[in-house]
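Input: a single structure, listed below in structure tokens.
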Amino acid sequence: MSSRDLLLGRLRAALAAGGPQVPVEVPRDYRHGGPLDLDRFVARLIDYRAQVHRVSEDAVADTIAAILPAGATVVVPPGLPSGWLPSTVTVRPDHDLDNGRIAAADAVVTAAAVAVAETGTVVLDGSPDQGRRVLSLLPDRHVCVLRTAQVVATVPEALARLTPQRPLTWISGPSATSDIELSRVEGVHGPRTLHVVLLP
Amino acid sequence: MTHTFLGMPSTAPPGVGHLRGTEPFPSAARRSLADPQLRRNLGHATATIRARSAGMIAEVPDWQQLREAGRAIKTDVMARLPELLEQLEARVTEAGAVVHWAADATEANRIVTDLVRATGSERVIKVKSMVTQEIGLNEALVAAGIAPVETDLAELIVQLGDDRPSHILVPAIHRNRAEIREIFLRAMPGVDPGLTDEPAALAAAARNYLRQTFLTTKVAVSGANFAVAQTGTLAVVESEGNGRMCLTLPETLITVMGIEKVVPTWQDLEVFLQLLPRASTGERMNPYTSMWTGVTPGDGPQAFHLVLLDNGRSAVLADPTGRQALHCIRCSACLNVCPVYERTGGHAYGSVYPGPIGAVLSPQLTGVADNASLPYASSLCGACYDACPVKINIPELLVQLRDQAPHPRAEAAAMAAAAYTMDHPRLYEAAQRAVRLSRLAGRRGCALPPPLDGWTASRDLPDPPAQTFRQWWAGR
Ligand code: SF4
């Protein structure tokens with residue numbers, strides 16, 4: 001007998017031993033959405049030590065130029081709008097970059113799929129303007145450019161917009177640990193600095 | 001594989017893994033209670049997390065509705081566990097992964113070891129996972145000549161210190177910064193001898209130490225917080241980014257999950273992703289949550305194995321009341337509100353699952369005879385039930401298990417009385433007054449009078465709390 005059959009057999013017997021099953025109705029009277037409050041979103045991002053820049057689309061490149069030192073090496077997903085990138089940095093588009101080169105970059109610039117205002121979260125889904133998961137993981141600085149239309153108020157709204165089959169990374173502030181006497185330290189293994197550029 | 005009849009729910013086998021302590025709770029607790037540093041660290045940590053979590057929960061107007069939904073979803077999962085697992089297997093397989101079924105710890109360890117061997121790698125990186133501690137995977141890997149590297153900062157502290165985790169969420173809660181610095185200086189290869197005990201410096205040392213390991217290790221082992229039957233999606237929540245490293249960089253990913261972690265639908269995640277971070281770390285959302293479905297061509301591990309583990313869960317499922325313990329989402333809120341845990345710490349519970357949930361889960365996984373003192377490691381004050389984000393009625397389970405536990409009567413009485421007294425200030429003061437009187441009468445030490453002395457033989461008495469945990473929770 002396979003372990004699969006053994007295990008499923010055990011579980012069916014366990015359920016039978018407990019008597020007849022009553023179908024369970026899941027109450028879903030919690031909030032499924034809410035009014036979008038962008039100021040709250042920004043406050044929540046800042047609360048989790050992200051740095052927020054609210055600018056118009058034509059100011060993205062200048063904003064990034066101000067964030068990153070001149071000459072910085074920046075990896076970007078292949079589908080990132082090229083107009084977002086300033087001429088002051090060295091851009092390496094991800095055409096099969098190896099991990100060593102990604103790790104050696106000073107920063108990564110990506111777009112995002114969805115953001116959640118209540119929790120100060122941005123979600124990446126691997127679309128061409130966000131790229132492979134490793135891109136936003138190894139460099140020490142992550143600049144994430146977001147449009148207001150991508151921001152929803154609540155977690156349920158965010159899940160409803162996302163495609164489960166895509167690789168998803170939910171990011172709420174920079175990498176952090178509280179493992180040493182519970183004092184929060186930003187930046188263990190992921191990027192130590194997170195910038196969110198919020199467009200109208 | 002063990003030779004069991006088809007269809008017999010089965011407890012976790014002895015001799016492998018970490019579900020059984022080497023001594024009963026009272027004697028293990030006596031040692032923890034005699035360690036003032038440990039008690040200070042624990043008191044600080046549990047109070048801090050409680051306050052953070054309370055603030056975050058107060059922000060959510062529909063917290064009680066979310067808890068009800070969480071409980072109902074988990075009740076539904078248990079009632080339909082076989083079909084949900086088959087559905088999960090089908091979706092995950094369609095998405096390019098391989099699903100393995102493990103009847104117990106021994107079989108899971110063998111499956112993982114064989115998978116790692118097949119890759120030729122002599123090292124695996126691991127992201128914190130209770131279930132791989134439960135089955136003793138690290139020991140099995142080491143026995144096979146494979147080095148497991150724990151990448152979670154707290155787990156790394158525990159591993160380098162040759163120590164055991166003491167808390168679900170912050171396994172090194174029993175170590176302070178000076179101790180951690182000493183452990184790093186002693187056991188971390190290539191560490192800067194000028195390392196200070198600043199938390200930021202200690203975290204940076206871990207970052208440097210692990211970076212190369214992340215970039216050069218071809219196999220990772222993870223647990224899972226949730227697995228969605230409808231879509232085949234796995235989810236891991238974390239803070240540091242070591243989880244993302246393990247889930248993204250290696251060529252091969254092996255995820256070991258207890259069968260109870262499955263949830264029916266994608267939509268169900270909206271409940272648990274709200275409940276877990278606020279109840280657990282006291283955050284609106286934890287820094288990173290990764291979700292993946294099978295293999296994504298060109299992105300992340302190109303080989304993915306999912307190991308579905310029983311190891312006693314079928315036996316827990318067979319008890320219609322006891323199966324609530326399988327609803328647990330491992331947030332650790334019940335530990336942080338427990339007056340007994342706060343004083344004894346996690347090691348006293350023997351099993352990898354400490355605190356109130358450990359006191360009801362471990363005895364059910366192993367059979368109550370093998371963890372007979374754990375159901376008594378509680379005052380039945382009810383704070384755990386109030387704190388649990390999926391409303392597991394832990395006191396009800398404790399009472400039921402006490403009925404089943406073949407426990408020495410005197411010890412049981414001492415345990416229950418001590419635990420009860422700790423949570424009832426007036427009795428406690430009376431007991432302390434009795435202690436003072438007995439000291440005046442010439443007795444040595446400051447132990448409690450009988451029948452409480454069975455438990456308090458070698459420790460100082462902490463000050464009684466100003467209010468009970470139930471009052472505190474209700475008024476928070
Ligand atoms: S029993 Fe409830 S409170 Fe305790 S760890 Fe599990 S989910 Fe959290």
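Reminder, nothing fancy here: chain letters follow the sequence lines and each chain counts from 1.
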### Query
What heavy-atom pair brings A:H189 and B:F214 nearest, and what distance separates the two atoms?
ND1-CE1, 3.5 Å
### CA sep, side-chain torsions, deciding dist, call: A:R31, B:V60, side chain to side chain contact (heavy atoms under 4.5 Å, CB included)
CA-CA 10 Å; A:R31 293 171 308 143; B:V60 184; 4.2 Å; yes
### Query
Can you say whether A:D47 sits under 4.5 Å from chain B via the side chain, the backbone, both, or neither, judging by heavy atoms?
side chain
### Message
Taking CZ in B:R211 as the centre, count heavy atoms belonging to other residues, nucleotides or ligands within less than 6.0 Å. Is the count above 12?
### Response
yes
### Task
Step through the shown structure and confirm whether more than 12 heavy atoms of other residues, nucleotides or ligands are within 6.0 Å of CG on A:D98.
yes
### Task
Begin from the C-alpha positions of A:L7 and B:L308 and carry the test side chain to side chain contact (heavy atoms under 4.5 Å, CB included) through to its verdict.
CA-CA 9 Å; A:L7 217 152; B:L308 301 172; 5.5 Å; no
### Message
For B:R323, which atoms come within 4.5 Å of any heavy atom of chain A: side chain, backbone, both, or neither?
### Response
side chain
### Contact origin within A:E25 toward chain B - heavy atom pairs under 4.5 Å
backbone
#### Entry: Least distance between heavy atoms, A:P27 atom then B:A72 atom
CD-CB, 3.5 Å
### side chain to side chain contact (heavy atoms under 4.5 Å, CB included) assessment of B:L273 paired with A:W170
CA-CA 11 Å; B:L273 286 182; A:W170 297 56; 4.1 Å; yes
### Message
If you define the side chain from C-beta out and look only at heavy atoms, does anything of A:D29 sit under 4.5 Å from B:E68?
### Response
no
### Task
Examine whether an atom of B:I180 lies under 4.5 Å from a heavy atom of chain A, and if so say whether it belongs to the side chain, the backbone or both; otherwise answer neither.
side chain
### Task
For residues A:L159 and B:L269, report the shortest heavy-atom separation together with the two atoms involved.
CD1-C, 3.7 Å
### Query
Checking B:A200 against chain A: side chain, backbone, both or neither under 4.5 Å from a heavy atom?
both
### Message
Does any backbone or side-chain atom of B:I73 lie under 4.5 Å from a heavy atom of chain A? Answer side chain, backbone, both or neither.
### Response
both
#### Entry: chain A contact via B:A315 - side chain, backbone, both or neither, heavy atoms under 4.5 Å
neither
### Message
Return the CG to NE2 distance between B:D62 and A:H32, rounded to the nearest 0.5 Å.
### Response
8.5 Å
### Message
Is B:N286 close to chain A through its backbone or its side chain, or both, or neither, when contacts mean heavy atoms under 4.5 Å?
### Response
backbone
### Task
Answer yes or no: is there an ion pair linking A:R12 with B:E83, defined by an N-O contact shorter than 4.0 Å?
no
### Task
Heavy-atom pairs under 4.5 Å with chain B are the metric here; pick the option from A:P167, A:P156, A:P164 that has the most.
A:P164
#### Entry: By side chain to side chain contact (heavy atoms under 4.5 Å, CB included) - contacts of B:P199 (at least two apart)
A:I180, A:S183, A:V185, B:R177
### Task
To the nearest 0.5 Å, tell me how far B:I111 CD1 sits from A:S3 OG.
6.5 Å
### Step-by-step side chain to side chain contact (heavy atoms under 4.5 Å, CB included) determination, A:T177 to B:S239
CA-CA 6 Å; A:T177 183; B:S239 295; 5.8 Å; no
### Query
Between B:T75 and chain A, which part of the residue has a heavy atom less than 4.5 Å away: side chain, backbone, both or neither?
both
### Query
Of all heavy-atom pairs between B:L215 and A:A103, which one has the smallest distance, and what is that distance?
CD1-CB, 4.4 Å
### Message
Taking the basic N atoms (NZ, or NE/NH1/NH2) and the acidic carboxylate oxygens, is any pair closer than 4.0 Å for A:R28 and B:D268?
### Response
yes
### Message
For the CE atom of B:M245 and the CG atom of A:N99, what is their distance to the nearest 0.5 Å?
### Response
9.5 Å
### Task
Heavy-atom distances under 4.5 Å only: say whether A:P23 touches chain B with side chain, backbone, both or neither.
neither
### Message
Looking only at side-chain N and O atoms, does B:Q274 offer a donor or acceptor that is under 3.5 Å from a partner on A:Y30?
### Response
no
### Task
Would you mind checking which part of A:L162 comes under 4.5 Å of any heavy atom in chain B, side chain (CB onward), backbone (N, CA, C, O), both or neither?
both
### Message
For a 4.5 angstrom cut-off between non-hydrogen side-chain atoms, does B:W292 reach A:L168?
### Response
no
### Message
What's the separation between atom CG in B:L81 and atom CG in A:L15, rounded to the nearest 0.5 Å?
### Response
7.0 Å
### Message
Does any part of the side chain of B:E86, heavy atoms only, come nearer than 4.5 Å to the side chain of A:R4, both counted from C-beta?
### Response
yes
## Note on the structure
The interface call for B:T151 against chain A, heavy-atom contacts under 4.5 Å, is backbone
#### Entry: Check: A:Q165/B:T293 side-chain N/O donor and acceptor closer than 3.5 Å
no
### Task
Have a look at A:R133 and tell me which of B:T248, B:T296, B:D299 forms a side-chain hydrogen bond (donor to acceptor under 3.5 Å, both in side chains) with it.
B:D299
### pair A:V116-B:M285: side-chain heavy atoms closer than 4.5 Å
no
### Query
Between B:E89 and chain A, which part of the residue has a heavy atom less than 4.5 Å away: side chain, backbone, both or neither?
side chain
### Query
Are the side chains of B:R284 and A:E118 in touch, meaning some heavy atoms are under 4.5 Å apart?
no
### Query
Heavy atoms, side chains only, cut-off 4.5 Å: are B:L249 and A:L138 in contact?
yes
### Task
Would you check if A:D140 and B:R207 make a side-chain contact, meaning some heavy-atom pair closer than 4.5 Å?
yes
